[in-house]
Amino acid sequence: MQSAQTGNDARVERLIEWLRDAHAMEAQAESMLSRQAERIEHYPELKARIEQHIRETQNQAKLVESCLRRHDASYSGIKDLGGKMMAMGQAMGGMMMGDEIVKGAQMGYVFENLEIASYEILIAAAEAVGDLETKKVCEQILVEEEAMAAWLREHLPKITQDHLTRLATPGVEAKR
Ligand SMILES: [Fe+2]
């Protein structure tokens, strides 16, 4: 990047750190969503939407990686993956409760909003350092995160009510 040579180093380094965080976040998202989708048995609409977002998430990880590679041709995501992700993963991992379908959709909504905030930050940072390709990529990813967040928000009432209906029906599993 030209800006890396022209006195913007500290700012570009910060942008790169945030891209690495986003890359780790997407890897975390993929594993959480996969675990979630695998476990769903009785809520096909939610399962299908999650599966769609898994494909989007895999592509997002590649897009973020392409931004990192433009700054550092030898970039390898491997060292990011051990990392930095928050307790959200654990929260979604511990799905032993009887309302896991509702809790999963709830945490999914929270996580999408975390992603939305991350890309808003990246867009602003990329703009500030003149990395317009990264800005464009992040804007493209943001659209998908917003669509997933909106879908989850819109469907939370129905998921909740379906869960309660199943709960009240003898011999029917409500949990997942
Ligand atoms: Fe994502």
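Starting from 1, each residue takes its place in the sequence as its number. Below, each value reflects all heavy atoms present in this structure, side chains not excepted, and no hydrogens, waters or symmetry copies. First listed ligand is number 1; within each ligand, the first listed atom is number 1. All values derive from a computational prediction rather than experimental measurement.
His23 and Glu26 form no side-chain donor-acceptor contact under 3.5 Å, judged by distance and modelled atom types alone.
Phe111 has its side chain out of reach of Met148: every pair of non-hydrogen atoms, C-beta onward, lies at least 4.5 Å apart. Proximity of Met32 to Met107: side-chain heavy atoms (C-beta onward) are nowhere separated by under 4.5 Å.
Among the atoms of Gln60, an N, O or S atom falls under 2.8 Å from the Fe ion (ligand 1). The Fe ion (ligand 1) has no N, O or S atom of Glu56 under 2.8 Å away, backbone or side chain. Under 2.8 Å from the Fe ion (ligand 1) lies no N/O/S atom of Glu144, from backbone or side chain alike.
With respect to the Fe ion (ligand 1), Glu115 has OE2 as its nearest N, O or S atom. Restricting Glu145 to its N, O or S atoms, the one at the least distance from the Fe ion (ligand 1) is OE2.
Residues Glu100 and Arg176 approach most closely at OE2-CB, 3.7 Å, considering heavy atoms.
To the nearest 0.5 Å, the span separating CD on Glu146 from CG on Asn113 amounts to 9.0 Å.
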